[in-house]
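Order of listing sets the numbers, starting from 1, for every ligand and every atom in it.
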Amino acid sequence: MDQNRERRNLPPLNLHVPEPRFRPGDTVDFSGLDIEAAGTTRRPDETASPADMRDMAYGLVRVLDDEHRAVGPWDPRLDGETLLKMLRAMALTRAFDERMFRAQRQGKTSFYMKCTGEEAVSVAAAFALHHDDMCFPSYRQQGLLIARDWSLVDMMNQIYSNRADRLQGKQLPIMYSSKEASFFSISGNLATQCPQAVGWAMASAAKGDTRIAAFWCGEGSTAEGDFHSACTFASVYRAPVILNVVNNQWAISSFSGFAGAEATTFAARAVGYGIAGLRIDGNDPLAVYAATKWASDRARANAGPTLIEHFTYRVEGHSTSDDPSQYRSVMESDEWPLGDPIKRLKRHLIGLGLWDAERHAAMDLELAEYVKNCAKESERNGVLGHGLHQPLDTLFEGVFEHMPWHLREQRDQMFAEWEASKK
Ligand SMILES: Cc1ncc(C[n+]2csc(CCOP(=O)(O)OP(=O)(O)O)c2C)c(N)n1
């Protein structure tokens, strides 16, 4: 049989190439987004079987309603003091971002990345975790360090690659590492932290410890093979780990459709692996807190991992090297229907009678001043381009635990050439 003849009446095959809804200059209308009202999503027991909570992967856990009241079964009922601390940590994260972005524009550092609009994803999660639970972040969870009261000056020293940089200028700015804050070294290679977090959680369980692990990756990063490995190992061994997917709609200039968002949700990835999945309003600090607490209680009860999709929006450019007006409508961030996480918590606290606009404005001024003073302190240790900040030979340290002969040879050769160049 001639198969070519048989197929001659079939339409030609073609591929679907996703296209974002709005491009530069387009009027943005997000009314088509399916966003359910706050308080309507059910709250399963922390030990529920993944099969009994598949609907959660397609819903949207929300606590703060349009009037900024906390409603529904996911309301974590936090006390006012904790809520105010959370608000402050989110505002401090934003103030830090503002200052460091400007430092890059002033040439004091080569690079910076903001997390504007995503402050709740890291800060509220840090409040729900124990201080020594191990975090495996991407480059957009600086709020974890800030919520854990890590030194801003230390973070800035790293950004400036100066003489007080504990990473000795070896890492790109913002690729922090703090063992003391249980904050795993950030790697430029996307999604590598995912299987590493699962492995850490497995080790914690193997040792009979009570600490859990959590990773954060962007929705774009879920397209990496490492994300699949992480989900498989987490599911098979029921590792005490929280898999956070921060769906901020964009991976540099690629919209979430290129990572699979047109066909399903990112929380629904959990369904295929038999993992508990929660899809939550990532701009709702109370929802982030409640979901993280749920997942950590689940992990600590040996009931298995949880994959949380934080539905949010990347308000600013991808990094200081990016200009988002080249690929998306500038209206998008203003039109984003889930609002701003800091403003939402602020209005919630005002509604509770615990806060007001004047105190908020005063706090913003105080935080900006505090960040400025930290920057001044850090800049005394040097900024980019002001000479060599680290002794040259530190370049060869840490490659191996003990420096092998061939690295010593290269180091000596470098010094010899350096001396010769001065003559
Ligand atoms: C393995 C790998 N591929 C590509 C890159 C280049 N890169 C850096 S950030 C980024 C986009 C990541 O987007 P997403 O995971 O959605 O996180 P977001 O930046 O939105 O927080 C890409 C492609 C990289 N760093 N590593």
Got a salt bridge between [X] and [Y], using NZ or NE/NH1/NH2 to carboxylate O under 4.0 Å?
X: Asp281; Y: Arg62; answer: yes
X: Asp66; Y: Arg347; answer: no
X: Asp340; Y: Arg94; answer: yes

Does ligand 1 have any atom sitting under 4.0 Å from a heavy atom of [X]?
X: Ile252; result: yes
X: Gly188; result: yes
X: Met113; result: no

Please list the nearest protein heavy atom to [atom] with its residue and the distance rounded to 0.1 Å.
atom: atom 5 (C) of ligand 1; result: Leu190 CD1, 3.8 Å
atom: atom 15 (O) of ligand 1; result: Ser221 OG, 2.6 Å
atom: atom 20 (O) of ligand 1; result: Trp250 O, 2.7 Å
atom: atom 12 (C) of ligand 1; result: Tyr139 OH, 3.3 Å
atom: atom 3 (N) of ligand 1; result: Glu224 OE2, 3.8 Å
atom: atom 13 (O) of ligand 1; result: Ala251 CB, 3.2 Å
atom: atom 21 (O) of ligand 1; result: Arg140 NE, 2.9 Å

Run the numbers for me: atoms of ligand 1, each under 4.0 Å from some heavy atom of Gly220, listed by number.
->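 Ligand 1 atoms under the 4.0 Å threshold to Gly220: 14 (P), 15 (O), 16 (O).
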
Quick one: which of Arg314, Gln141, Glu219 gives a side chain to side chain contact (heavy atoms under 4.5 Å, CB included) with Val246?
->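 Only one of Arg314, Gln141, Glu219 forms a side chain to side chain contact (heavy atoms under 4.5 Å, CB included) with Val246, namely Gln141.
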
Greater than 12 external heavy atoms within 6.0 Å of His131's NE2 =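 Not buried by this count: 12 neighbours or fewer within 6.0 Å.
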
Do the numbers put Arg279 on top of the ring of Phe311, so that NZ or CZ is under 6.0 Å from the six-membered ring centre and no more than 45° off the axis?
->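 Output yes; distance and angle both within limits.
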
Pair Thr82, Asp79: side-chain N/O donor-acceptor within cut-off below 3.5 Å |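 Yes, side-chain donor-acceptor contact under 3.5 Å.
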
